[in-house]
Structure formats: C-alpha cells, structure tokens
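Proteins get letters first, then strands, A, B, ... in listed order; numbering begins at 1 in each. Note that this is a predicted model, so its numbers are computed, not measured.
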Amino acid sequence: MSEDPIYVIDIEGLVKRYKGRVNPTLNALSLKVERGSLFGLVAPNGAGKSTTIEIMCGLKSFDSGSVKINGLSVKDSLSVIKTIIGLVPQDIALFPSLTGRENLRVIGGIYGIDSVELKPRIEELLAQFGLTNSADKPVNEFSGGMKRRINLIAGLIHRPQILILDEPTVGVDAQSRNLILEELVKINRGGTTVMFISHYLEEAETICDRVALMDGGKIVLEGNPAELTKQHPDCKNLESLYFKLTGKQMRDTYE
Amino acid sequence: MSRDMSSFKEVIKSNISGVNTFFAGIRRVFFGRMRYLLLKDFIMLRRDIGGIILMFVMPIVLVVLMANLQESTFNVVKGVKIPLFLVNNDVDELGSAIEREIESSGVFEITRGEGSSVSEMEMKISASEYLLGIFIPKGATQKIKGNVQRYVLSAFNGIEKAPLKEDVKLTIVVDPTANGSFYALIMSTIHEKAQKVQFAFIMKEITSQVNDISPVVISADNFSGEQFTVDAKFAIPQESNIVPNAVQHNIPAWSLFAIFFIVVSLASNIIKEREGGSFTRLLTMPCTYTEYLLSKAIIYLVVALLQFAIMLLIGFYLIPYIGLPALEPGHSLFALIFMALSAAVAAIGYGIAIGNIARTNQQASVFGAVSVVIFAAVGGIWIPIFVMSPLMQVISRFSPLNWGMSGFYQIFLRDEGLLSVLPYGGALLLFGTICFIAALLYKSRCSHYS
C-alpha cells in the first residue's frame, strides 16, 4: 500500500529555455510544497512564475529536471494530475457569453462531477463568494471583483487536492481582496494545499505559512515568513528582505 | 479439441470485452465531458447574434435576391418589354416584312419613327429613350429587287461574271448600358428575323424574275424556308421533373456559400477562446485538444445541415410565392445528404485550420471571409465556369466550392444519384480532413498539449 507523499509539489532541477533567449527562463528550479500547506511563491515579472505553473499543468514542455504532483510525474500521468489540480489563472479564463452558473456547470461537468452533486456544489460556492444573486448574468457583465471571484470558484468546483492561484487579487477592490484571502485560508484549513503566486509580498506574508522568493528562474530564499524576517533583523519585512537579496533593478526588460 | 474450444472462447470473450470497453469509452466521452463541451459551444453560438445573422439570414436573403434577379433578367428578355425605335424609310415590301417579323417576335415594344435619320435615331438611343434602334434605308426593296433581277438575267444568259450589286445597309444601334449577354441575345434575334425576311424576299423575287422569262409559271408559295427543325433539350433523364433554371442553380450555390461562411464564425470562436484564456483552462482540465475541436465540429456540422435544410425549404415553399419555379431536388436523397455532409466537413476543417493558424480574431475574420468569397468566385457560384478564361478554368478546379457545385449540379441539374457525386463529395471530405490534420499538426508544433 503506497502512502501519500509528503510533498504534493516536488520540482527538482527544472530547466526551461525559450528559443532566442540567452538565459534559461527556469534555471535548475527546485521547489517542494508540503501537503496541506498554504505556500506563497513570490517573484517579480519575468522571473518564470507563469512558466512554472504551465509546466506543472502540462501546458508546456521542459528541457530537463523532474516535476511531480502528488508523487506523479507530469510527463507520464498528466490526465490524473489534471483532476488533482485546480488552477486559477491570472486571466479571467471563463466563457464570457455564458452566465456564471452556466460556466460553473460546464466546468464542473467536464471535471466529471455528477449532475446531482454539481448543482448544490455550485450554489454552495456562489454563496461562499457572494455571487448567488449575480450568477445568472453573463460573465462579461460582471465587475472586476466578481470576475476574480467566479474565476476562483471555477478552480475550486471539483474539490482539488492542490489549488494553484496565479495573482488572484490583481485589479480588485479592497473588499473583494479581503474576501478572497479569507476564503483561501478557509479552503486551506479544509485540507487543500494552496499555492499562492503573487507580486504582493505583503499578501503572502499575511496568509502563507511558507513562502519562496523566486528570481532569475530559481528560488533565492524559502521559509516561514516570520522566521525569515527574524533571521534578517536589518529587514523590517519580506519586501525589504527581497530587495536586499535581489536588488531593485527591473526584471522584465528585454533580454 | 476441448483445449482449442476453450482458447477460442477466450478470444471471443476478450474481443467482446474489448468492444464493451470501446463503447463504454464512447459513452463516457459523449455522455460525460463531451456533453458539457457541446453545451458550452451551443450556448456560445446561440448568443452570437452577429454570427447567426451571417450564417442563416445572409444566405436566405442572397438566395431569394439572386434567384429573383436572374429570373427577372430572363423574363425581361422573354417578355414584350424591350423598347425599340424603328425607322422604316423603305415603306415597301422589305421594310414591311422586317416590321412584321419584329412585331411577331413579341420581344419588343415598337415606336415608329418614319423619316428620321440614322443620327436622329442614335440620339434617341444614347439618351436612353430606347434600348434599341433599327434603321431601314429608303429604297431598300427596290435595290434588292434590282440585284436579284440582274442576277437572274446573268444566270439565264450564261454570264459567269457576278452582276453589279447595290448594298442595302440596315443599321442597328444598341444602348451602351445594355449588358453583353443581353446584347448578344438581341442581336441573334434580329439576325434570325433578318435572315428569314431576306430568304423569303429573295426567293419571291427570283420566282418573279424567272416567271418573266420562263413560259411555264413557277410558284414558290408552298415552299417553306424551314427545311429542318431543331429539337433542343437538356441532357436530363426523360423521367426527371427537373427543368434547369435560376432556382436549380441558386439554391445549391448559395447553400454552399452559406455552409462555407461558417468558417468565419468557427475560426473567430476558436480565437476568442484562445485570447480570453478559457481555452487554456480547458486544457488544464480533463479535456483533450481533440475533444475540444470535436465538440466545435459537431455543433457546426449541425449548423451547416440546418442551413442546408432551410435553403431547401425556401426552394420548395418560399420561392414559388415570389413567382419563381419551385426547387426540384432530384431523385436521390442519399446523394443530397452526402453532398451536404461533405461540404460541411470541408468547411469545418477549413474553419478549424484558420482558427488555429490565424493569430488574431481580425486576421481570422478577414482571411476567412475573403478566402470564401474568392473560392466562391472561382468556384462558379456567381458565374458559370465555362465562360471563364482557360487559366481561370484551371484555377477553379482547386476551389472546394467548385467541387461542391459540380456535385450539386449532378443532383439538381442532371438528376444523378449517389455514385456520380462520390468524386466531388470525396474531394470535399479529403479537403476537410487535410485541414483538420494540418490544424492539429500546426498546434502540436507550437505548443505542448496533451
């Protein structure tokens, strides 16, 4: 009988090169995310966050290294991995002409959720994120905050073991941001491993029990946010620590 | 023996189990996630009002308009509608005979202008008062009579040299706005009538001159100028009810055009999903790229067949209401269904290829629409291929709409069956399959999809 691995995300020496670029986008990236943790991956633009997510979800190939999700290699077991992961992309990746409910019905159905179970699950999530009354409007008529929330629900509908969120709070008001962060903590407490990817160090510092700072395609620092700042008393918070380690030069300039 | 039997049973058992697994897989796909992909594509299409207008309303308007226009052009030629200005300055036997023939044709509305000159007649035509003018010069009868008299006398006196001949010049002036085919039709009608009058008149004059010389009176009264009859008919089986007309051409032509126009909606649909990110989400879910495309293909196949059915219904029921003959669908329902399916597959494959290769929605819409219009133009939707230049006729062979039209002509104009449309439908199916494979190959080169 095989036991569930401790690390639900286990990346070792991951290298990804794009044609025409001198430096690899991912430069021997190694990352381990423990089961049940709320893990923050913080990096500037162009550091390779999106490429890492795309590789984890099987959307992109990689040159070398290994990527395992729940002990399964993405190269060999992608169809199983797809059912384990819930991805909340940075773009509002929904069908804009479909209503909120229709979107969730379609997405839930594709995940194979039985229609008897799907309807109450949709209503439960809509209520949880305050969208019950607006869910019959087409998504393209939603406000920015509502779009973010329904985008998040779409990643949660199939009760994934691992929830990966790429900048889930970009462009939303303070209330929506607060609701999203609170719900993420609740979801994590319910047993779901959450990988939270953001530019905002402050958000990661507040909600994550572990963070990794990424720069130049690799992890430059990893640990518990409180412990990290304690280890560097000259830095008042994670942001100043990050600047100390990586400098203030822009990262997404043309190579 | 019993060992053989048991191994045979095992083989049968494993085959049955394989078949069961296969059907279970199909059931899982079509009643599982495929059902939801289809639902998604159906709702998206239903809410795309612009696309629906483009795919359903535009072809209906086009078919009614074009069939009506083509038929009315034909009716103008057939009916007594062409205004003609006739200047008969001869006022003698020839002039009267021409006048009688023109009147009896029933094609012209004649206004007489005796005494007018050629330039006066030309002015009236160029001012578009009349579409056509005919000028018969003064003394035309007398000049022809003189020519015949001199000819007969030379013949009876054994003179080999051709006698002096006075030219009789009839002038015909046509409005320059009259189009080429109309002009050709009018001129052939005028020539036919002129030949008839000329023949009858010369025959009568020769008889009259010969009677002056000959002691025996010869009569040409019972001689008919029409020594042979022409039996023109269309190469269609005798039992067929089909009569080639504008409806028999336009219904299949615009149905085909409409089916191919789904390319714009389909390609744009694929690109919108790609640009919006929902396509990426689908690929992170338990959904393969082939399933994603298959769902779209099924929805648009239904759309294409619906378009075709609506166009047929218009041909059967609406077209007769606007005074045109009803569509005759031929005898082979299988041929009809096969051609409609083949055209739909070709259009869907082409749309999927454009949707995958084009980078933006604008690119797909412009390229999709323009390429279908070009395919239609060279494929014989608007003008028949036989009137094209030799080079264009060669180019037209590469248009899928030409293959479609050729197949539909077998059904709607020649009343042929499934066997005769197989090459055309086969070419369309092959085209659609090649486009589909090209799209998959292109995508797999650019991305890493499961």
Looking at side-chain heavy atoms only, is the closest gap between L282(B) and F95(A) below 4.5 Å? yes
What residues of residues 126-163 of chain A make heavy-atom contacts with chain B at a cutoff under 4.5 angstrom? N151(A), A154(A), G155(A)
Positions in residues 102-115 of chain A that reach chain B, provided some heavy atom is under 4.5 Å away: E102(A), R105(A), V106(A), I107(A), G109(A), I110(A), Y111(A), S115(A)
Quick one: OG on S97(A) to CG on D48(B), what's the gap to the nearest 0.5 Å? 8.0 Å
Could you tell me the separation between the CG atom of L87(A) and the OG1 atom of T280(B), rounded to the nearest 0.5 Å? 9.0 Å
Exceeds 12 heavy-atom contacts within 6.0 angstrom, atom OH of Y317(B): no
Taking atom NZ as the centre, does K68(A) end up with more than 12 heavy-atom neighbours from other residues, nucleotides or ligands that are less than 6.0 angstrom away? no
Are side-chain heavy atoms of K40(B) and L98(A) found at a separation under 4.5 Å? yes
Counting only heavy atoms not in E275(B), do more than 12 sit closer than 6.0 Å to its CD atom? yes
I'd like to know whether CZ of R17(A) has more than 12 heavy-atom contacts from other residues, nucleotides or ligands below 6.0 angstrom. no
For F308(B), which residues count as a ring pair (Phe, Tyr, Trp, His ring centres under 6.0 Å) partner, sequence neighbours excluded? F408(B)
Is the backbone N or O of L283(B) less than 3.5 Å from a side-chain atom of K82(A), with the two atoms forming a donor-acceptor pair by type? yes
Counterpart residues, salt bridge (charged side-chain N to carboxylate O under 4.0 Å, His left out), relative to K16(A) (two or more places apart): none
One pair to check against side-chain contact (heavy atoms from CB on, under 4.5 Å): I85(A) and T284(B). What are the steps and the verdict? CA-CA 8 Å; I85(A) 286 181; T284(B) 64; over 6 Å; no
Correct closest heavy-atom pair for R281(B) and P89(A) would be NH2-CD, 3.7 Å
Minimal non-hydrogen separation, S278(B) against L94(A), with atom names: CB-O, 3.5 Å
Could you tell me which non-hydrogen atom of A93(A) sits nearest to which non-hydrogen atom of G277(B), and how far apart they are? CB-O, 3.2 Å
